[in-house]
Amino acid sequence: QVQLVESGGGLVQPGGSLRLSCAASVSIFSFSAMGWYRQAPGKQRELVATIGSRGTTTYADSVKGRFTISRDNAKNTVYLQMNSLKSEDTAVYYCNVHGQWSDAWGQGTQVTVSS
């Protein structure tokens, strides 16, 4: 089983930046892709970004041009660099395996964008 620990969230003003980290307990080479998800109050969890086996990435339309997903395989860590943050980005952010079923949700990390 894989254990995932998210970190890096916090309170930031609109237009600010944060970098989220997702540390995995096993090699992320084990999975075809990893993803970042978020859940805002009163909303369903949504997929924000993915990074595939060859480093290919996808993004939700709402974050394109602002967020960048990356990974460091040696550290078993996936990152989400978030720039130009908006209030609409406020949510709990989670990482998980993408493209296959996984219940390896961690506690998530809270991102609050507010002035």
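Numbering of residues begins at 1 and proceeds along the displayed sequence. Note that the coordinates shown come from a computational prediction; the quantities given were computed from them, not determined experimentally. Keep in mind that the numbers below use all heavy atoms, side chains included, and drop hydrogens, waters and symmetry copies.
- Across all non-hydrogen atoms, the minimal contact from Ser17 to Asn83 is OG-OD1, 2.9 Å.
- Rounding to the nearest 0.5 Å places OG of Ser32 at 5.0 Å from CD of Gln100.
- Not one N or O on the side chain of Gln110 forms a donor-acceptor pair closer than 3.5 Å with the backbone of Gly9.
- Cluster annotation: Phe67 and Trp36 are assigned to the same hydrophobic cluster (Ile/Leu/Val/Met/Phe/Trp/Tyr, side-chain heavy-atom contacts under 4.5 Å, transitive).
- Taking OG from Ser7 and CZ from Arg19, the interatomic distance works out to 9.0 Å, rounded to the nearest 0.5 Å.
- From Met34, atom CE reaches atom OG1 of Thr77 across 9.5 Å, with rounding to the nearest 0.5 Å.
- Transitive grouping of hydrophobic side chains (ILVMFWY, heavy atoms separated by less than 4.5 Å) keeps Tyr79 and Ile28 in distinct clusters.
- Separating the CG atom in Asn76 from the OG atom in Ser25 is a distance of 8.0 Å, to the nearest 0.5 Å.
- Salt bridge Asp61/Lys64: present, at least one basic N to carboxylate O contact under 4.0 Å.
- Taking Ile, Leu, Val, Met, Phe, Trp and Tyr as members and joining any whose side-chain heavy atoms lie under 4.5 Å apart, directly or through other members, the hydrophobic cluster of Tyr94 also contains Tyr37, Leu47, Val92, Trp105.
- Val48 and Val111 fall within a single hydrophobic cluster, where Ile, Leu, Val, Met, Phe, Trp and Tyr side chains are chained together by heavy-atom contacts under 4.5 Å.
- The shortest side-chain heavy-atom distance between Ser62 and Arg38 falls under the 4.5 Å cut-off.
- Neither Val5 nor Ile51 shares a network with the other; the hydrophobic side chains, linked directly or stepwise wherever heavy atoms of I, L, V, M, F, W or Y lie under 4.5 Å apart, form separate groups for each.
- Of all heavy-atom pairs spanning Ala33 and Gly52, the tightest one is CB-CA, 3.9 Å.
- Side-chain N or O atoms of Tyr59 include one that pairs as donor or acceptor with a backbone N or O of Ile69 at under 3.5 Å.
- Taking each heavy atom of Ser102 and Asn96 in turn, the nearest pair found is OG-OD1, 2.8 Å.
- In terms of modelled atom types and a separation under 3.5 Å, the side chain of Thr90 and the main chain of Val113 share a donor-acceptor contact.
- In plain terms, the two heavy atoms of Ser114 and Pro14 that are nearest each other are C-CD, 3.7 Å.
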For this session: Dump the intermediate steps for side-chain contact (heavy atoms from CB on, under 4.5 Å) on Val12 and Met82, then the final yes or no.
Result: CA-CA 11 Å; Val12 64; Met82 306 186 296; over 6 Å; no
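- Counting heavy atoms from C-beta outward, Arg66 and Asp89 have side chains that approach closer than 4.5 Å.
- A 4.5 Å side-chain heavy-atom check between Glu6 and Tyr93 finds every atom pair outside the cut-off.
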